[in-house]
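The analysis underlying the following values was restricted to heavy atoms, covering all of them including side chains, and did not include hydrogens, waters or symmetry mates. Here is the naming used below: chain letters follow the sequence lines, and residue numbers restart at 1 for every chain.
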Amino acid sequence: MQRSIEIDSPLPVSPGNPARPTLAAKVAGYPAVLSGLVTLRSFAVFIAIWWAAAAWTHSPLQLPTPLSVLTALKSLAIDGEMLDNALTSFTRLAISMGIAVVVAVPLGFLMGLSERANAYIDPMVEVLRPISGIAWIPLALFIFGVGDVLPVFIMTYVACFPLLLNTIAGVRGTDRRLLAAARTMGVPQSRIVRHVVMPGALPTIMVGLRLAFAGAWSAIIAAELIGSPSGLGFAIEWYRQLLMSPKVFAYIIAIGAVGYSCDVALQALQRTLTPWARGTELA
Amino acid sequence: MSDTMTRPKLRLDHVTKEFAAPRTGLRTVAVSDVSLEIQAGDFVCIVGPSGCGKTTVMNMIAGLDKPSSGTIEIDGAPITGPGADRGVMFQDYALFPWLTVRDNIGFGLRNGTPGRGMAANDVEERISKHIELVRLGGAETKYPHQISGGMRQRVALARLLANGPDVLLMDEPLGALDAQTRLILQAELLRIWGETAPREERKTAVFITHDIAEAVFLSDSVVVMSSHPGRIRAVLPIDLPRPRDEHVRAHPRFAQLSEEIWELIRDEAYRAIA
Amino acid sequence: MSATLALSSAGRRTPDMLRAIALPITLLVAWQLWAMTLPDDTRAPSPASVVAAFVRLCASGNLPISLAQSFGRVLVGFAIGLVLGVSLGTLMGASRAVRRNIEPIIESFRPIAPMAVLPIAILWFGTGTPAGLSIVGYAAFFPMLLSTAQGVSRTDRNLVQAARTMGVSRFRILAKVIVPAALPSILLGARLGMGVAWTAIIAAELAVGAKSGGGSSGGIGQMMFIFYSYSIDMNGIVVCMIVVGVVALFIDRLFRIAERHLIPWRQ
C-alpha cells in the first residue's frame, strides 16, 4: 500500500516555517537591523492600504478601520474576555495534543518496528486518513453535543495522523549503520530501541508534532465555530452575528497571534530536544 | 589575416575581482591584477590550487561576473555580459534535468541566440550532427539522470559545441569522472576541439583544471595561478607536438613540463593541506 | 524505505490482503452487531443502513448534486488560489526584494486558519457561493505560494547561468528554466493546496449552514448540516463522511499520477 509521508513536504508546516530561523538569517547578506526595518515598513504599508481601503469603501461593517480594530482589541484585552477565550482554546489544544502524542507515538513505534502490526493497522489508518476532521463534526455533535469534548475530539483526530505517520517514518528511517553498529556492540534489542531508534526518530517525530499542531489549530477554529459555546472560534462567529466587525477582526488577529506563538514555542522545543537535527527538519 | 595575428582573441588587462562577504561586508580579493592574452585557436589551461580564482576568471570571461577593475576584451571589444559567442561548460555540466539528451543539446539553438534565423529543420539537423559528434546516438531520448557521468559530460560538450561559440570555456569538465574515463575523454576532447584540423579552424579554448597532467596533455599553453590573492604565477608554452595521443604521456618533455608546473604550485599545495 | 528493524516477519503465512482487511472488517461487523442490539427506531447508524442511505441519496440525486456543487466550488476556488499563489510565489522566489517586503505579511496571515476568515467572508459576500470560493482560495493560496516560492528560489543557479551563456532572454529563462525547475514544488503545492481546499469547502458549507439557519449554499457540507439539524439522519451523515474521504483520496491520487506524468525526469 502506497503511503504518503508528509515528511518530504517542503511546505510550510504552517504557522512559521521551520527552515527559517529568522528572516534575517535567511536573507543572506542582509543585516538584521535593516531586515527589521523592512518588516516594519511592510506592516506600515499594509496598514496604510487597509486604512485607505476602509476609508474608501466606507463600510465599517465590512471593513473596519485599523484604529477601530485596535480599540476593540484593547477593550477585549482589558476586560479579560479575550484572554478567557484564548485560554479556553489553548487548553483544549493542549489536551488534544497530549492525547494525540500518547496514542499516536507508541502506536507509531509499534507499527514502525513490527511489520505484522503495520500490516494489520495501516489499512485502517489509510481508510480514516482522507476523512478530514471537519467532516466528523456533525457526527461528533450527535455523540458529544455542543461543548468542550467536541473540539478536543476533532483536534485529537486531526493531530493523530501526522504524528503517527512521522513516528513510523522516523522509526523506519533510523540509520541502518547505527543499528548495525549497536548490534555489533552486543546491545540488546530493547536498548537499541531506547538508545538508537528513539533518538533517531525524534527529529521526525518533532516535525510530526508541528504538523499536528498546525492541523489541530486550523481545525479548532472550525470546531469551536460550529460546535462550542466558548473559545476563539466561537467568539469570532458570535461577534459576526452581532455585526460587531471590529471585534471579529480583533479575534482574528488573536487567532493568528496565538497560533504563531505556539509554533514559535514548538520550534524552541524542537531545537531543545533535537539540537543535532537542525537543518534536516522538514521544509 | 595580419589583424588576427596581432590582435588576440581574448585579452585580460589588469583584471581584479573583489567580493564583499555577505553580512560582514568584508572584502576579499579573489583575483588580483591578472593580465593575459589568448590567441585564436589556442587551447589554454588554467591550473592552480583551489581558491586561486580560476573559476572567477572564467566567469568574468563568460560575462557572468564583472571585474571590479580592469578590462576583458574579445576581438578587441569589451565584454559586457554573457553571450553565445563564448560557450561555457560548467563543472557539474548544468544539464537541464527535465530535458532529454537531445533537448538539452538543442536548448541553446531553440531558445537562445545561436539558433536565431535558422530554419527549424536546420536546427534539428545541427542537433543530430552534434549527437553523432559526441557518439551519443541511441541515448537521445534519455534523461540526464538515466545516463552515466561520462555520457553527461559528452552531452554538455555537445550542447556547448552545437551553439557554435568562438570561445569554449570549460570549468573542470572532467573533474567528476573516474580516472580511466577521464583519460579517454581527454583524447576525445582534443579530437572534437579540432586538433587534426588546421589551426585557423580550431576554436579558442580555455580549460580549467587542477590536474597538471591533464593540463599538459591538452594545452598549447598552461597558465599557472596562485592563491590569496589569485594571480598568475607563470604562463608556460607546451611545445609537445600535435596531434597528441596516449603516447605523448610517455614523452620525456611531458614529464619535464609536468614537473615544472608542479614546482610552481607545490609549496602552496603543501600549505593548503598542512 | 523498508523496515530496518523487522522484529517479526513470521506473519508471512497470512496473505497480505487478508491482513489488510482484517481490522476494517472486524470493526464493521462489530458495528453492525452492536447496531442490531438497539431498538428498531434507533437513529444510530449501522453499516447496512448506511449502504441503504447511500443508495437512497444517489437515487434521489441529492448526493450527486451536492457533490457536484462542492467540487465545482473547490475547482474554482482552487484555481483562484493557484493563479495568485503561483504568480506571487514566482515573484517572491525570483526576487529577494519582493520576498523581503511581502514575507512578513504572508507570515502573519499564515497562522490564521481559513475557517477564521469565514466570518469576514460572510460579512463581505453573504452566505452564498462567493464566500465559499474565497475561503477555498485563501486555503489553497498558502501552500501554492510557499512551495512555488521555494521551488523558484531553489532553482539551480548554474542552470540559469548556462542559459544566459547561450544568449537566452530573461523571459525565456523564466519560462524554460525556472518554471520547469520549480515544477515539482509547484505540483506538490497544488496537491497539498487541493487537499486543504477540499477540507475548507466542507467546513465552510457546514459552518454557513450551521450559522445562517441553512442558508442556500448547498454542497456536501450543508447536506451534512441538514442531516444533523433537520432530518436527524445519522446514516446520511456517515454517507457524506465517506464521500468526503473518497473524494479526498481521489484528489490525492489524481495529483500523484499527474506528478508522475508531468515530471518524467524524476525517478
Interatomic spacing from CD1 in A:Ile221 to CD1 in C:Ile112 - rounded to 0.5 Å:
10.0 Å
For C:Ile237, is it the side chain, the backbone, both, or neither that has a heavy atom closer than 4.5 Å to a heavy atom of chain A?
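The side chain, not the backbone.
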Who wins among A:Cys262, A:Ala222, A:Gly233 for the most heavy-atom pairs under 4.5 Å with chain C?
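Heavy-atom pairs under 4.5 Å are most numerous for A:Ala222.
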Using a 4.5 angstrom heavy-atom cutoff, name the option from A:Leu141, A:Leu40, A:Val248, A:Ile143 with the most pairs to chain C.
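Sorted descending by pairs with chain C, the first entry is A:Leu141.
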Side chain, backbone, both or neither of C:Leu27 within contact of chain A (heavy atoms, under 4.5 Å):
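For C:Leu27, the contact with chain A is made by the side chain alone.
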Counting heavy-atom pairs under 4.5 Å to chain A, which of C:Leu249, C:Asn101, C:Leu118 comes out on top?
C:Asn101
Any side-chain heavy atom of C:Phe225 within less than 4.5 Å of one from A:Ile226?
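Contact flag for C:Phe225/A:Ile226 side chains = no.
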Got more than 12 heavy atoms from elsewhere within 6.0 Å of CZ, A:Phe43?
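It does: A:Phe43 CZ has more than 12 such atoms within range.
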Considering non-hydrogen atoms only, spot the tightest contact between A:Gln62 and C:Trp124 and give its length.
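Closest approach of A:Gln62 to C:Trp124: O-NE1, 2.5 Å.
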To the nearest 0.5 angstrom, please state how far the CD1 atom of C:Ile122 sits from the CD atom of A:Glu237.
5.5 Å
Quick one: what part of C:Ala22 sits under 4.5 Å from any heavy atom of chain A, side chain, backbone, both or neither?
side chain
Residues that A:Ser245 engages under side-chain contact (heavy atoms from CB on, under 4.5 Å), provided they are two or more places apart
A:Leu61, A:Pro64, C:Leu123
Let me know if A:Leu232 has heavy atoms under 4.5 Å from chain C in its side chain, its backbone, both or neither.
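For A:Leu232, there is no contact with chain C at all, as no heavy atom is under 4.5 Å.
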With no hydrogens and no angle check, is any side-chain donor or acceptor of A:Trp217 less than 3.5 Å from a backbone partner on C:Ala113?
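No, the answer is negative, given that no donor and acceptor are paired below the 3.5 Å cut-off.
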Note, C:Tyr228 side chain near A:Leu139 side chain (heavy atom, < 4.5 Å):
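Answer no - side chains too far apart.
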Report which part of A:Phe249 has an atom under 4.5 Å of a heavy atom belonging to chain C: side chain, backbone, both, or neither.
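For A:Phe249, the contact with chain C is made by the side chain alone.
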Atom OG in A:Ser42, atom CD1 in C:Ile106: separation rounded to 0.5 Å?
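Going from OG on A:Ser42 over to CD1 on C:Ile106, the span is 10.5 Å.
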Please find out if less than 6.0 Å separates the ring center of C:Phe109 from that of A:Phe46.
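Judged by ring-centre distance (under 6.0 Å), C:Phe109 and A:Phe46 do meet the cut-off.
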Closest non-hydrogen atom pair, C:Gly245 against A:Ile131
CA-CG1, 3.7 Å
Listed partners of C:Trp31 passing side-chain contact (heavy atoms from CB on, under 4.5 Å), at least two apart:
C:Leu28, C:Trp34, C:Pro45, C:Pro47, C:Val50, C:Val238
Separation between CD1 of A:Ile137 and CE of C:Met241, rounded to the nearest 0.5 Å
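The CD1 atom of A:Ile137 sits 10.5 Å away from the CE atom of C:Met241.
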Quick one: of C:Val244, C:Ile202, C:Ile105, who has the most non-hydrogen atom pairs under 4.5 Å with chain A?
C:Ile105
Does the side chain of A:Pro138 come within less than 4.5 Å of C:Leu206's, by heavy atoms?
yes
Atom CG of C:Leu18 and atom OH of A:Tyr120: how far apart are they, to the nearest 0.5 Å?
7.0 Å
What's the spacing between A:Tyr260 OH and C:Glu107 CD if we round to 0.5 Å?
7.0 Å
Under 4.5 Å, counting heavy-atom pairs only, tell me which of C:Ala44, C:Ala248, C:Ser108, C:Ala116 racks up the most with chain A.
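The candidate making the most pairs under 4.5 Å is C:Ala116.
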For the residue pair A:Ile220 and C:Met115, establish whether any side-chain heavy-atom pair is separated by less than 4.5 Å.
no
So, do C:Ile21 and A:Pro123 sit near enough that their side-chain heavy atoms are less than 4.5 Å apart?
no
